[in-house]
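We number each residue from 1, following the sequence as shown.
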Amino acid sequence: ATVSNALRGKGRLSPELAGRIRALAAELRYIPAHAGRALRTGRSATIGLIVPDFGQPLFPIFAQAIERAAKSRGVAVLVGDSLGTAAGQAAEIANLVGRGIDALVIIPTRGTMIDAAAIPVPVAVIDSAATRGNTAASNHRDGGRQVAGHLIGLGHRDILLLAGPKDSKVS
């Protein structure tokens, strides 16, 4: 307990003793084992993130933003790539939950629905208006209307729309 308190800057230790302990820990290149803390607290300070395909340019940007926000709060992020399949997504959910994450953020694979009630940790879903619950979603249809209105307002009359797969809710 004394060593733990010294390394965390807690407890009632003399500055000299705490300094000696921290110096020795640095000399020994001591790195705290988060697994031990997780056993004691029941929390891993780790969240999971599942993306549909790291090959798509948008998802690494999401991952980076989530990782930065988590890091600023002392939380680690484990990332899984569902490889664009429902089976891959289900496997990644099981894998991350099995690793003891405290919560899960999912960017669903196209055509899948997330049943957050079936996942034993808190779940947040990004960009799937079809998923009920704790979801952050964009209104792509309204965004398209706004873009078209803006272009028409600028006087454009010939507008070409390039879209992705027909089963994509964001295309």
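Note that CG of L151 and CG of L160 are 11.5 Å apart. Values are rounded to the nearest 0.5 Å. With rounding to the nearest 0.5 Å, the separation of CZ in R110 from OG1 in T85 is 12.5 Å. Taken to the nearest 0.5 Å, the CD1 atom of I114 stands 11.5 Å off from the CD1 atom of I126.
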Decide yes or no on salt bridge (Lys or Arg N to Asp or Glu O under 4.0 Å) for E67 and K71, but give the supporting numbers first.
-> CA-CA 6 Å; E67 200 274 338; K71 187 183 286 184; 3.5 Å; yes

Side chain to side chain contact (heavy atoms under 4.5 Å, CB included) assessment of R145 paired with R141 = CA-CA 6 Å; R145 280 190 197 103; R141 190 174 304 265; 3.4 Å; yes

Report the C-alpha distance between T2 and I21 in whole Å, list the side-chain angles of each, state the deciding distance to 0.1 Å, and finish with yes or no for side chain to side chain contact (heavy atoms under 4.5 Å, CB included).
-> CA-CA 9 Å; T2 301; I21 290 171; 3.9 Å; yes

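Looking only at side-chain heavy atoms (C-beta outward), V147 and H150 stay at 4.5 Å or farther from each other. Counting heavy atoms from C-beta on, the side chains of P108 and M113 never come closer than 4.5 Å. Residues H156 and L154 are in side-chain contact: their nearest non-hydrogen atoms beyond the backbone lie under 4.5 Å apart. Between I152 and I159 there is a side-chain heavy-atom pair separated by less than 4.5 Å. Side-chain contact check for I66 versus I47: some heavy-atom pair is nearer than 4.5 Å. By the 4.5 Å heavy-atom criterion applied to side chains, L49 and L104 are not counted as neighbours.
Formation of a donor-acceptor pair under 3.5 Å by the R29 side chain with backbone atoms of A25 is not found in this model. When atom types are taken as modelled, the side chain of D81 and the backbone of F54 share a donor-acceptor pair closer than 3.5 angstrom. Put simply, the side chain of D102 gets close to the backbone of S44: a donor and an acceptor are under 3.5 Å apart.
Side-chain heavy atoms closer than 4.5 Å link hydrophobic residues (I, L, V, M, F, W, Y) into clusters, and following such links, possibly through other members, connects Y30 to V3. The hydrophobic cluster containing V51 also contains L58, counting ILVMFWY residues as joined when their side-chain heavy atoms lie under 4.5 angstrom apart, directly or transitively.
Each of V75, L78, V77 was compared with T46 under the side chain to side chain contact (heavy atoms under 4.5 Å, CB included) criterion, and only L78 meets it. Each of V123, I107, L96, T109 was compared with I50 under the side chain to side chain contact (heavy atoms under 4.5 Å, CB included) criterion, and only L96 meets it.
Residues E92 and S82 bring no donor and acceptor atom of their side chains to less than 3.5 Å of each other. Between R8 and S4, the side chains place a donor N or O and an acceptor N or O closer than 3.5 Å (distance only, hydrogens not considered).
Counting non-hydrogen atoms of other residues, nucleotides and ligands closer than 6.0 Å to CG of L28 gives a total above 12.
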